[in-house]
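Only one structure is covered here, and it is reproduced in the block below.
Residue numbering restarts at 1 for every chain, and letters A, B, ... go by the order of the sequence lines.
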2 protein chains.
Amino acid sequence: MKEEYTIGKLAKESGVTVETVRFYEQKGLINQPSPKSGYRKYPYDDVIKIRFVKRAKELGFTLNEAKELLQLRVKSDAKCGQVKLKAEQKLEDVDKKIKDLNKIKRSLKSLIQTCSNNESSTSECPILESFEKDKK
Amino acid sequence: MKEEYTIGKLAKESGVTVETVRFYEQKGLINQPSPKSGYRKYPYDDVIKIRFVKRAKELGFTLNEAKELLQLRVKSDAKCGQVKLKAEQKLEDVDKKIKDLNKIKRSLKSLIQTCSNNESSTSECPILESFEKDKK
DNA sequence: CTTTACTCCGTTGTGTACTACAGGGTTTAT
DNA sequence: ATAAACCCTGTAGTACACAACGGAGTAAAG
């Protein structure tokens, strides 16, 4: 866990490509370290940031949303109220996602169960109704 | 809840545009009802399918993955073993997503808490470490 | 001190998921 | 029965998130 990373090492360490790092830099997900000696040096923090972004994307957040999530830390000085508000909104999103994923999970479990008791009478998987129960 | 939908009504009812419906049709997410009388008619089932796809996407599944999830129902005749396997894989995915979302959730909650006790000493939000704890 | 590996910047290409016409035909309402 | 609203097929364009490449400079290893 050194403190200085070249772009290549950063990329490898965080599980993305060099191009992705540069892309994220452009988009402001990590801040550009001005190339002091020709090459840029990145702190270890950026490894963690990029890993976070990677996973956030897999969870259905866009790059911009991931950026917002990242920005929630640090800025808690003057605009604590704003940060709190944003955090609360994100929390709602996250909660809804968890709920819906649990619905899908239950459906999948039930499907696996039905498949195991191989009575298989054109067993309808309830996955389609995942988001229909308790609706309206 | 009628049984026959024109593409426009289907789109409206499922919260997407007409173009999106056609796009999903092309991609095989819903099956093309041959335009018997010049216009196509869709069953109510397609409303539910499209709503499902929509939400699945927000949960980080691709269109193809959503398609796979949809295909898990129905086909449980001969290849029950295959379906079960696929369902089990999806279940793992879903479980991992839920776990990670819970980590983010805890981070957000803690951030909100810190913000509420307005001691705000450059309070570092732990969201960045969401996926770093218990790693390696 | 030269070779090899890595980096720089900029431009272009790729895959996914739509979105917007264009130029028609069909249905429905008045 | 005709105008408005809706549908058809097909093609082209857009936004996001990278990936690949070209041509040149820099760093590190032997």
Side-chain angles (χ1 to χ4, degrees), chain A residues 2-44 46-47 49-71 93 97, chain B residues 2-44 46-47 49-71 93 97:
Chain A
K2 328 158 217 181
E3 264 306 315
E4 300 258 279
Y5 286 78
T6 62
I7 196 166
K9 300 221 172 158
L10 172 58
K12 197 165 196 181
E13 198 67 19
S14 30
V16 300
T17 69
V18 170
E19 288 76 26
T20 302
V21 174
R22 277 203 273 262
F23 182 72
Y24 286 176
E25 218 174 296
Q26 264 185 35
K27 296 282 164 182
L29 288 160
I30 58 178
N31 39 12
Q32 290 149 296
S34 54
K36 315 195 180 216
S37 63
Y39 285 12
R40 280 169 286 194
K41 298 286 181 183
Y42 300 85
Y44 177 69
D46 286 343
V47 174
K49 274 190 189 174
I50 291 172
R51 281 186 194 157
F52 177 85
V53 171
K54 219 185 150 203
R55 191 62 189 142
K57 268 184 45 209
E58 289 166 11
L59 296 171
F61 295 101
T62 65
L63 278 193
N64 269 324
E65 287 172 330
K67 190 176 168 183
E68 279 178 18
L69 284 170
L70 284 177
Q71 285 170 346
D93 286 4
K97 285 188 186 204
Chain B
K2 327 159 217 181
E3 265 307 315
E4 300 260 278
Y5 286 78
T6 62
I7 196 167
K9 300 223 170 153
L10 172 58
K12 196 163 198 182
E13 198 67 19
S14 30
V16 299
T17 69
V18 168
E19 288 76 25
T20 302
V21 174
R22 277 203 273 262
F23 182 73
Y24 285 176
E25 219 173 295
Q26 263 184 37
K27 294 283 164 181
L29 288 160
I30 58 178
N31 38 13
Q32 290 149 297
S34 53
K36 318 196 181 215
S37 64
Y39 285 13
R40 279 171 287 194
K41 298 285 181 183
Y42 299 84
Y44 177 69
D46 286 343
V47 174
K49 274 189 188 174
I50 292 172
R51 280 186 194 157
F52 177 85
V53 170
K54 220 184 150 203
R55 190 63 187 143
K57 268 183 44 206
E58 288 165 10
L59 296 171
F61 295 100
T62 64
L63 276 195
N64 268 324
E65 287 172 329
K67 189 177 167 182
E68 279 176 19
L69 283 169
L70 284 178
Q71 284 169 348
D93 286 5
K97 286 187 187 208

Phosphate OP1/OP2 of dC8(C) contacted by Arg40(A) side-chain N/O (<4.0 Å): yes

Spatial distance of atom OH (Tyr24(A)) from atom CG (Leu63(A)) [nearest 0.5 Å]: 5.0 Å

Gap separating the CG atom of Leu70(A) from the CZ atom of Phe52(A), nearest 0.5 angstrom: 5.5 Å

Side-chain H-bond candidate by donor/acceptor type, Glu25(A) with Tyr42(A), under 3.5 Å: yes

Atom-pair distance (NZ on Lys54(A); C1' on dA17(D)), nearest Å: 14 Å

So which protein nitrogen or oxygen atoms get under 3.5 Å of nucleotides 27-30 of chain D's nitrogens or oxygens?
unit_1	atom_1	unit_2	atom_2	d
dA27(D)	OP1	Ser37(A)	O	2.8

Thr20(A) vs dA17(D): side-chain N/O to OP1/OP2 distance below 4.0 Å: no

Donor-acceptor pair, side chain of Glu13(B) and main chain of Leu10(B), under 3.5 angstrom: no

Short side-chain N/O contact to dC16(D) OP1/OP2 from Lys57(A), under 4.0 Å: no

Phosphate OP1/OP2 of dC6(C) contacted by Lys9(A) side-chain N/O (<4.0 Å): no

Whole-Å gap separating C1' (dA17(D)) and CD (Glu25(A)): 16 Å

Distance, rounded to the nearest Å, where Phe23(B) contributes CZ and dA15(D) contributes C1': 13 Å

Side-chain N,O (Arg22(A)) to OP1/OP2 (dG10(C)) below 4.0 Å: no

Nearest listed nucleotide, side chain of Glu19(A), among dA17(D), dA19(D), dA17(C): dA19(D)

Whichever of Leu63(B) and Val18(A) has its nearest DNA chain C nucleotide further upstream toward 5': Val18(A)

Bending between helix ends of the helix from dC1(C)-dG30(D) to dT30(C)-dA1(D) [5 pairs per end, 10° resolution]: 20°

Glu65(A) CD - dC16(D) P separation (whole Å): 12 Å

Atom-to-atom span, CD of Gln26(B) to C1' of dA12(D) - whole angstrom: 13 Å

Distance, rounded to the nearest Å, where Ile7(B) contributes CD1 and dG25(C) contributes C1': 15 Å

CZ-CD1 distance between Arg40(A) and Ile7(A), expressed to the nearest 0.5 angstrom: 5.0 Å

Euclidean distance, atom CD of residue Gln32(B) to atom P of dT9(D) [Å, nearest integer]: 8 Å

Under 4.0 angstrom between Tyr24(B) side-chain N/O and dA17(C) OP1 or OP2: no

Quiz item: cation-pi between Lys97(B) and Phe61(B), 6.0 Å / 45°: yes

Euclidean distance, Ile30(A) CD1 relative to Lys67(A) NZ, rounded to 0.5 Å: 12.0 Å

Minimum-distance nucleotide to Thr17(A) side chain [options: dA17(D), dC18(C), dA19(D)]: dA19(D)

Value rounded to 0.5 Å, distance of CG in Asp46(B) from NZ in Lys49(B): 5.5 Å

Rounded distance in Å - OH (Tyr42(B)) to C1' (dC8(D)): 10 Å

Sequence-distant partners of Glu68(B), side-chain hydrogen bond (donor to acceptor under 3.5 Å, both in side chains), two or more places apart: Lys90(B)

Nearest-0.5 Å distance, CD of residue Glu4(A) to NZ of residue Lys9(A): 11.5 Å

Any Thr6(A) side-chain nitrogen or oxygen under 4.0 Å from OP1 or OP2 of dC6(C): no

